[in-house]
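Remarks on the structure that follows.
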Amino acid sequence: MLMNSTVTCELHVRLVVSSESSLPIPASLRYDTADPYAVQAAFHTGDEDTVDWVFARESLAEGLHRPTGIGDVQIWPSRSHGMDVVCIALASEEGEALLHAPAKVLESFLRRTDAAVPPGTEGGHLNLDLELSRFLAES
């Protein structure tokens, strides 16, 4: 039986308000080896308020180098104020947001997730009995 572990990262992303303006937003990333395909993100928008998203780890990694994603989440590399950033465009019924995340921080976080679960080995980290019982409980 595999032991579950987590990889976390605290960072500041920038919420792009206009072509000339952006706001800093504290964010937390969390990777749990029990859910090896996903990265959970919490964007702290107020004192107690967060906006939570779940990304495919593979999409975040690909977005460091080339545009990826369709629909609700699109990710691509860019530069902003002389710094390498990863643009993350989010869309939901509540609205849309464009975020700039520091590429070096994302790269470091993703390297640590790769050390916990190397890409391509995610299936060996799934507890299928647990996932099936969760799925049946939701039905």
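Along the sequence shown, residues are numbered consecutively beginning with 1.
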Given V105 and C9, is the side chain to side chain contact (heavy atoms under 4.5 Å, CB included) satisfied, shown in steps?
CA-CA 8 Å; V105 175; C9 176; 3.6 Å; yes
Thinking salt bridges, do D32 and R30 make one under a 4.0 Å N-O criterion?
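Looking at R30 together with D32, the answer is yes, because their closest N to O distance falls below 4.0 Å.
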Return the minimal non-hydrogen interatomic distance between [X] and [Y], and the atom names on each side.
| X | Y | value |
| --- | --- | --- |
| G63 | I75 | CA-CG2, 3.6 Å |
| A116 | T33 | CB-CG2, 3.9 Å |
| R112 | T8 | NH2-O, 2.7 Å |

Mind listing the side-chain donor-acceptor pairs of residues 95-104 below 3.5 Å, one per line with the distance, residues two or more places apart or on another chain?
none

Residue list, side chain to side chain contact (heavy atoms under 4.5 Å, CB included) with [X], at least two apart or on another chain:
| X | answer |
| --- | --- |
| D49 | T45 |
| A61 | L110 |
| E62 | R66, T68 |

Does R111 have any salt bridge (charged side-chain N to carboxylate O under 4.0 Å, His left out) partners at least two apart in sequence or in another chain, and if so, which?
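Listed in chain order: nothing, the list is empty.
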What distance separates Y31 OH from R57 CZ, expressed to the nearest 0.5 Å?
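Atom-to-atom, Y31:OH and R57:CZ are 3.5 Å apart.
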Working to the nearest 0.5 angstrom, can you tell me the gap between W53 CH2 and L29 CG?
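With rounding to 0.5 Å, CH2 (W53) is 14.5 Å from CG (L29).
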Would you say that more than 12 heavy atoms from the other residues, nucleotides or ligands in this model lie under 6.0 Å from the CD1 of I70, or not?
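No, because the 6.0 Å sphere around CD1 of I70 holds 12 heavy atoms or fewer from other groups.
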If you count every heavy atom of other residues, nucleotides or ligands that lies below 6.0 Å from Q74 atom CD, does the total exceed 12?
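Yes, the 6.0 Å shell around CD holds more than 12 heavy atoms from other groups.
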Check: residues 10-22 side-chain donor-acceptor pairs under 3.5 Å, at least two apart:
residue : atom : partner : partner atom : Å
E10     : OE1  : S28     : OG           : 3.0
E10     : OE2  : S28     : OG           : 3.2
R14     : NE   : S22     : OG           : 2.8
R14     : NH2  : S22     : O            : 3.0
R14     : NH2  : S22     : OG           : 3.3
S18     : OG   : E20     : N            : 3.3
S18     : OG   : S21     : N            : 3.2

Solution key, residues 76-90 side-chain donor-acceptor pairs under 3.5 Å, sequence neighbours excluded:
residue : atom : partner : partner atom : Å
R79     : NH1  : D84     : OD1          : 2.5
R79     : NH2  : G82     : O            : 2.6

Donor-acceptor pair, distance only, cut-off 3.5 Å: does the side chain of T50 make one with the backbone of D52?
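No: the side chain of T50 does not pair with the backbone of D52.
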How about T113 and F109: do any of their side-chain heavy atoms sit closer than 4.5 Å?
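T113 reaches F109 side chain to side chain.
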Below 4.5 Å, heavy atoms only, C-beta onward: do L64 and L106 meet side chain to side chain?
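Yes, side chains in contact.
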